[in-house]
Each structure stands twice: as structure tokens, then as C-alpha cells.
S.K.: 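Sharing a structure here in C-alpha cells format.
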Amino acid sequence: MSAHELTHGVTQFSSGLNYTNDQSGALNESFSDMLASAIDAWAHGHTADNHDWLIGDDIMAPKLTGEALRSMAEPGTAYDNPVMGRDPQPRDMTGYFEPADPHLMSGITNRWFYLVCREIGIDEGTLIMYQALQNLWPTAKFADAAAVAASQAAILATNKKVSREAPQVVRAAARKQGIW
């Protein structure tokens, strides 16, 4: 969770994404989840295949062992217990609505990142998303983030920093989430 909170500063000073109850706010929250999850994976030597993709599992009370605040792999499954209720995060755009808490709607783009990383790895996925973050603007929407990420993936692929198929992977994952 420390990395998540610190990466809010990166998000704020990279793109200035608004923290509002719409797609910009959800992107703000999601990019902090993306970067924090990448830091966690790196610190534990995890790959996209063996990383847990959970946010906040390390801060849960003993009675909530096995629960988390968010699941990047499967939004809507992070918790289900009498204390917190059932995780309401939508998995993709079919469950999107506004206004909504940015933590709630961030699952849509969190899963997008997860899908990208499962295809090309956490290092490449994070590099693409970090480059995208630096090229977004305060009112960016999910589709804007997908377009910018695909464009940055193409630039990075041209420069041999990521695999050649990275732009297609970014677009396919965005399409799967309903944001492309």
C-alpha cells in the first residue's frame, strides 16, 4: 500500500489526472495501482504468471485473511465477507456508471493492465503504461489512455524497448475491457 500512495504523486506530477468521480479519477487511481503492483512484483521477484495482482491484501485485519481491497486480475472478487460486504468493482465497461468512486471504477483499467502484462510481461506492460501516463492530460478518459498507450507501445517497439506485438496486445486488452 505504501507504493500505491507514493505513486499517486507520480500520477499527479506526470499527467495531473483529475481525481473526480468519472473516468479521469478512475484512471488516476488505476495508474497508482498499476505502478504499485509492478513495484510489488519486482520486490518479490514475481512474474505476471505468479504475481497475486491484489491491492491492499497486506493491510486487512486478521479476521479478513485472504481478502484484499481490489483484485486487478478479477475485479469484483477481492472480498466477500460480513464486515465489508461484497466487492462491487465492475470487471469491464458493461458495469461502468457515473458518478462513481474512482476506487470502484479503477478495476476496469486495472484488468486492462493485468491482461497486457499476462501477454508481454510486467516490465514491458509497466514501461508502456508509465509512458502513457506521461502523455495523458487531466481530463483523459479510458479510450484516451488506451490510444495513448498503444501509441507509446508502438514507439517503444520501434526503439526495441518492448516486443513488436506490444501495440496489438495493448489494443486487444483494451477491446476486451470495452474501452477501445
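Atom set for the values below is all heavy atoms of this structure, side chains included, hydrogens, waters and symmetry mates excluded. Predicted model, so just to flag it, every value in this text is computed and none were measured.
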S.K.: Looking at D22 and G25, would you say the former's side chain and the latter's main chain have a donor-acceptor pair under 3.5 Å?
M.R.: yes

S.K.: Mark yes or no for whether T77, through its side chain, and E74, through its backbone, hold a donor-acceptor pair below 3.5 Å.
M.R.: yes

S.K.: Let me check something: do M93 and V148 share a hydrophobic cluster, defined by ILVMFWY side-chain heavy atoms less than 4.5 Å apart, either directly or through other members?
M.R.: yes

S.K.: Step by step, would you call M72 with D33 a side chain to side chain contact (heavy atoms under 4.5 Å, CB included)?
M.R.: CA-CA 8 Å; M72 297 181 77; D33 282 349; 4.2 Å; yes

S.K.: Please name all residues satisfying side-chain contact (heavy atoms from CB on, under 4.5 Å) with A166, sequence neighbours left out, ordered by chain then number.
M.R.: I120, I128, A153, V162, S163

S.K.: Could you verify whether a donor N or O on one side chain and an acceptor N or O on the other, from T20 and N18, lie under 3.5 Å apart?
M.R.: no

S.K.: Any chance you could lay out the side chain to side chain contact (heavy atoms under 4.5 Å, CB included) test for N110 and F31, step after step, and finish with the verdict?
M.R.: CA-CA 8 Å; N110 280 353; F31 273 104; over 6 Å; no

S.K.: Do you know which two heavy atoms are closest between G107 and P75, and how far apart they sit?
M.R.: O-CG, 3.3 Å

S.K.: Sorted by first residue and then second, give each salt bridge (Lys or Arg N to Asp or Glu O under 4.0 Å) pair with at least one member in residues 116-131; sequence neighbours left out.
M.R.: D49-R118

S.K.: Please tabulate, for the side chains in residues 131-138, all donor-acceptor contacts under 3.5 angstrom to protein atoms that are two or more places apart in sequence or on a different chain.
M.R.:
| residue | atom | partner | partner atom | Å |
| --- | --- | --- | --- | --- |
| Q134 | NE2 | Y130 | OH | 2.9 |
| N135 | ND2 | Q131 | O | 2.8 |

S.K.: Considering only heavy atoms from C-beta outward, does the side chain of H51 approach that of D40 to under 4.5 Å?
M.R.: yes

S.K.: Looking only at atom types and distance, does a side-chain atom of D87 sit under 3.5 Å from a main-chain N or O of Q89, one as donor and one as acceptor?
M.R.: yes

S.K.: So do the side chains of P102 and N21 get within less than 4.5 Å of each other, counting heavy atoms only?
M.R.: yes

S.K.: Might you point out which heavy atoms bring P88 and Y79 nearest each other, and give the distance in Å?
M.R.: CD-OH, 3.3 Å

S.K.: Just to verify, which of F113, W112, Y96 counts as forming a ring-ring contact (aromatic ring centres under 6.0 Å, His included) with F142?
M.R.: Y96

S.K.: Would I155 and K161 satisfy side chain to side chain contact (heavy atoms under 4.5 Å, CB included), going step by step from the backbone distance to the final call?
M.R.: CA-CA 9 Å; I155 293 166; K161 303 280 185 188; over 6 Å; no

S.K.: When you group the ILVMFWY residues by side-chain heavy-atom contacts below 4.5 Å and let the links chain together, are L115 and M105 in the same group?
M.R.: yes

S.K.: Please output the side-chain donor-acceptor pairs of residues 167-180 that fall under 3.5 Å, not counting sequence neighbours, one pair per line with the distance.
M.R.:
| residue | atom | partner | partner atom | Å |
| --- | --- | --- | --- | --- |
| Q177 | NE2 | R91 | O | 2.6 |
| Q177 | NE2 | I108 | O | 3.1 |

S.K.: Judged by atom type as modelled, is there a donor-acceptor pair below 3.5 Å linking the side chain of S151 to the main-chain atoms of A147?
M.R.: no

S.K.: Find out if a path of hydrophobic residues (ILVMFWY) with successive side-chain heavy-atom gaps under 4.5 Å connects L27 to L127.
M.R.: yes

S.K.: For the OG atom of S37 and the CD1 atom of I122, what is their distance to the nearest 0.5 Å?
M.R.: 6.5 Å

S.K.: Between Y19 and E29, do the side chains contain an N or O donor and an N or O acceptor separated by less than 3.5 Å?
M.R.: yes

S.K.: Does the side chain of H103 reach to within under 4.5 Å of the side chain of R70, using non-hydrogen atoms?
M.R.: yes

S.K.: S30 and T109: side-chain donor and acceptor closer than 3.5 Å?
M.R.: yes

S.K.: Using the test salt bridge (charged side-chain N to carboxylate O under 4.0 Å, His left out), find all partners of D80 that sit at least two apart in sequence or belong to another chain.
M.R.: R86

S.K.: Suppose we screen for side-chain contact (heavy atoms from CB on, under 4.5 Å). Which residues come up paired with L64, at least two apart in sequence or across chains?
M.R.: M60, E67, N81, V83, M84

S.K.: May I ask you to decide if S24's main-chain N or O and N28's side chain share a donor-acceptor pair within less than 3.5 Å?
M.R.: no

S.K.: Considering residues, nucleotides and ligands other than K141, do more than 12 of their heavy atoms fall under 6.0 Å from its NZ?
M.R.: yes

